[in-house]
Amino acid sequence: MADEEDHVVEEVDVYLSKGLADKLYLFQYPVRPASMPYDDFEHLAARIKPKQKKVELELGLDTSNPNYSKSKGEQIAINVDGTAHGSSGRTYESNMMDKQVLSSTNTSPSTSRYAVGIFRDGELHLTPLQGIVQLRPSFSYLDKAENRGNRDKQDAEGESSQSEAEEEAKPVKVQFVRAESDHAKARRLASFQYHEQKLNEETWTDVIFCSKNDSQAHLERDNLFSQSNTNETSRFDIPPKEYLSMLVPESSEGVNTKPQMPSNVLSISQLKSMSITDQVLALLKNAKVLRFMQLQTILPGNPDPTAMLRALQQGAMLVQGSWVVKSEVLYPKDTCSPVSGVPAEILCRGRDYVMWRFTQSRCIVRKEVASITKLPSEDMKEILEQMARTKVNQGWEFAIEYDKEFVDQHSEVVQRQQMIWDAKYQQLSKVLKVPKGEGEKRTRKDSAAAAEVSPGQERTRHRSRSKSLSKDKSPVKQAQLVNNTHMNVQGKELSFNHGESSTSSGSIADNALPGSSGVRIKSEPPDVRIKKEPVDKPVPMETGEVQNSRLAANAHITNGPSHTQTSSMDSTNNDLLEAVRTFLRDKFQANCVLSISELRKMLLFRVSESRPDDVLNTGVSDRVMEECAIQSGATALPIPWPVNHSVDVDRRIYVSWQCGDASDKYRKVIMDMYQDKFKYRRNQFTEQFRTLVGSEPSTKAECDRIIKSMCVSKGGFWFLKGTTGS
């Protein structure tokens, strides 16, 4: 049978008629049997709302029918219209429910697939449908009866209150409505109340109903036939198979057979189809907080740890050794909270502040955080539940224990994340108006609280070891114990001597977080040596002639990179170098004097807010930063540092004096002056301007602006920016 040809039995011409294309509706009566149509009912009125495709028909009721209850009909009319006869605007003019209303609902939002066909004289004429509606009896008269009953009750109460004495006049407080914000306007436009109001604003259009046997109906029915007199037809060149595929498109294999996964569940097959960056981002969105080892276990295959770290730094922030998804990932731009409607920008600031607080302490108090972020209680609770759990008498505790293993193995990543947090806190403190010294205050408070958590354990142990050490007078044992309690944390030498902790930066809390601001480390047994690998070679703090000689030896950098530097530049991506140079030009345009540490913080802050595919996310070393700074037009300034200069600052300072304006010559004089001396009086600048340039700036204000763009005043002297540590 499959090999037999399917012979054509008959060919029919098909015509597309558009005479009623924008007016043709299909009426359906789902609650009315087909054997009992409404054709025999008297149609009193008909109306339509074209935009909403809503139709209403008023049908007369046969009140003389023996099945009609006149008493019920009269009671309904009284409830709806009241007892006053002859008043205008009545629903039932005969004082009896003598009609019913059929109201429509739109069944299909799109009727482009449907048409009405009529066959005549071997021709098929098709007319597209404008709408398909279902008509059901409307009970709006019951709402009118209820509203009338409420009005009558209010009128009765009003009449009884008129007999009472009039109340004394009270002052009226006039309030002016605030201007509606864009966010409030968007919420109002999306509300159901506004949508209902817009629907009610469309007025009804009265139409004339004609029965199917009426002469007017026959005339309108003729419009279903195509009125074209031409016999020209468009050529049908589509092959049969292609025509069938257009009529019945092939469904994608497996789309309907696979069950839908919950929104918070990811399948392994889905993860395998993603890139490593998308895999990490998808898992972070679902879990909110993950350890590095957990991520390695979950990801399919054997992912590259370096690629994982790169993806994590693009979509998450390091908190207590674990990775918390970035706020910008959870709350994209131009969105709002589904709970309270707060804009995403405000949510991101509040969530970032909560994350920063967890970098300072294991536990935070919700009330303290809410007073700073000013977020609604629902949003604050949702943010805390993403990364913390409640702890009795201590508030909210971070959900995952401190991951010391990751911190020890990836110290460079930890340091980079710490610098990003420092830059982000500086921004948050300005926007959220965090009280000055909040970071130091939190450090001292958390340290004190951690020391009081278990006084019967830690302090007793310290005292017992102190006593045992005092009893044992052997210098060998004492030296061995002191050596075993010696450690290096972030470049600061710390030591526990006889159970007491001492450092130049302050006290050490037993349970404070490692890596947070201040010098706070986790208590370890005194007989265990703790070693931390340095993140990078620290900049030596030479003073006097040693430092000056080093700078003098490196003065050739200003004239171009050396052979060693050129080779390092050649091994770096050209796109990355150009991006770094562009970044540095923008920064030097706004700040004439910058140190490498300041540039590093600016770059890390830029990376934290950049897109994942930004070339700067690949990493920039200090050497590349220095070389690109020189290529951008900056100069490595050999400053004559004082021998007794004890301020801890980055001495790799670069100056860009060429801004393309008339003040460049004065900035060049200032830069040359600081190669000879460390500080100057203000009058010394003006003297050098007159000597070397031949004139001073036009006004005193202009002179102050030029000096302040490169220098800071302290104790009556002017110092180059970045050299005083303030």
Side-chain angles (χ1 to χ4, degrees), residues 539-560 584-599 602 625-626 628-726:
V539 180
M541 301 299 295
E542 305 96 332
T543 58
E545 293 78 0
V546 177
Q547 173 70 6
N548 293 334
S549 61
R550 183 180 66 85
L551 290 172
N554 293 335
H556 68 278
I557 296 178
T558 59
N559 298 324
L584 294 178
R585 291 191 195 101
D586 294 340
K587 294 305 176 183
F588 279 119
Q589 193 70 24
N591 303 278
C592 300
V593 183
L594 288 171
S595 66
I596 292 298
S597 298
E598 291 172 332
L599 290 172
M602 293 177 181
M625 185 88 72
E626 294 175 5
C628 289
I630 295 172
Q631 295 177 3
S632 301
T635 302
L637 202 62
I639 301 173
W641 299 89
V643 178
N644 58 350
H645 188 68
S646 59
V647 180
D648 187 7
V649 295
D650 189 351
R651 301 194 175 192
R652 299 169 296 174
I653 295 179
Y654 287 78
V655 179
S656 177
W657 56 273
Q658 295 178 337
C659 297
D661 55 17
S663 303
D664 287 349
K665 52 188 177 182
Y666 300 111
R667 282 189 285 267
K668 178 67 166 60
V669 172
I670 295 176
M671 183 188 72
D672 294 338
M673 291 174 63
Y674 279 104
Q675 299 184 44
D676 299 329
K677 290 180 61 177
F678 187 71
K679 59 183 179 179
Y680 290 93
R681 298 279 186 183
R682 188 187 183 283
N683 60 343
Q684 293 177 287
F685 291 117
T686 57
E687 292 176 359
Q688 289 294 319
F689 290 160
R690 288 193 297 268
T691 303
L692 299 178
V693 180
S695 64
E696 299 181 24
S698 57
T699 61
K700 182 178 181 300
E702 179 67 15
C703 183
D704 291 340
R705 184 188 67 81
I706 296 172
I707 296 175
K708 289 180 180 180
S709 66
M710 302 181 67
C711 313
V712 292
S713 177
K714 190 174 183 181
F717 288 93
W718 287 88
F719 299 85
L720 192 66
K721 286 184 177 180
T723 60
T724 60
S726 58

Item checked: Phe689 to Cys703 - nearest heavy-atom pair and separation -> CE1-SG, 4.1 Å

Notebook entry, point to check: Can you tell me if Thr723 uses its side chain to pair, donor with acceptor, with the backbone of Phe719 under 3.5 Å?
Noted result: no

Notebook entry, point to check: Where do Ile639 and Phe678 land on the side chain to side chain contact (heavy atoms under 4.5 Å, CB included) test, with the steps shown first?
Noted result: CA-CA 7 Å; Ile639 301 173; Phe678 187 71; 3.8 Å; yes

Checklist line | Minimal non-hydrogen separation, Ile706 against Pro697, with atom names | finding: CD1-CG, 3.9 Å

Check: Would Trp657 and Ser663 count as a side chain to side chain contact (heavy atoms under 4.5 Å, CB included) if you check the C-alpha gap in whole Å, the side-chain angles of each, and the deciding distance to 0.1 Å?
Finding: CA-CA 9 Å; Trp657 56 273; Ser663 303; over 6 Å; no

Just distance, no hydrogens or angles: give the donor-acceptor pairs under 3.5 Å from side chains in residues 668-675, sequence neighbours left out.
from	atom 1	to	atom 2	distance (Å)
Lys668	NZ	Asp672	OD1	3.2
Lys668	NZ	Asp672	OD2	2.8
Tyr674	OH	Trp718	O	2.8

Margin query: Phe717: which residues meet the ring pair (Phe, Tyr, Trp, His ring centres under 6.0 Å) condition with it, sequence neighbours left out?
Written below: none

Notebook entry, point to check: Sequence neighbours excluded, which residues qualify as side chain to side chain contact (heavy atoms under 4.5 Å, CB included) partners of Ser695?
Noted result: Tyr666, Val693

Check: Which residue pairs satisfy the salt bridge (charged side-chain N to carboxylate O under 4.0 Å, His left out) criterion with at least one member in residues 673-684, sequence neighbours excluded?
Finding: Arg682-Asp704

Next item on the list: Using the test side chain to side chain contact (heavy atoms under 4.5 Å, CB included), find all partners of Glu687 that sit at least two apart in sequence or belong to another chain.
Entry: Asn683, Arg690

Margin query: List the residues meeting side chain to side chain contact (heavy atoms under 4.5 Å, CB included) with Thr691, not counting sequence neighbours, and say none if there are none.
Written below: none

Note to self: The test is side chain to side chain contact (heavy atoms under 4.5 Å, CB included); show your working for Ser656 and Thr635 and say whether it passes.
What the structure shows: CA-CA 6 Å; Ser656 177; Thr635 302; over 6 Å; no

Next item on the list: Supply the atom-to-atom distance Arg652 CZ to Met625 CE, rounded to the nearest 0.5 angstrom.
Entry: 9.0 Å

Output a table of donor-acceptor pairs, distance under 3.5 Å, between side-chain atoms of residues 584-599 and any protein atom two or more places apart or on a different chain; print 'none' if there are none.
from	atom 1	to	atom 2	distance (Å)
Ser595	OG	Glu598	N	3.3
Ser597	OG	Asp650	OD2	2.5
Glu598	OE1	Ser595	N	3.0

Item checked: Main-chain N/O of Lys708 paired to Lys721 side chain as donor or acceptor, under 3.5 Å -> yes

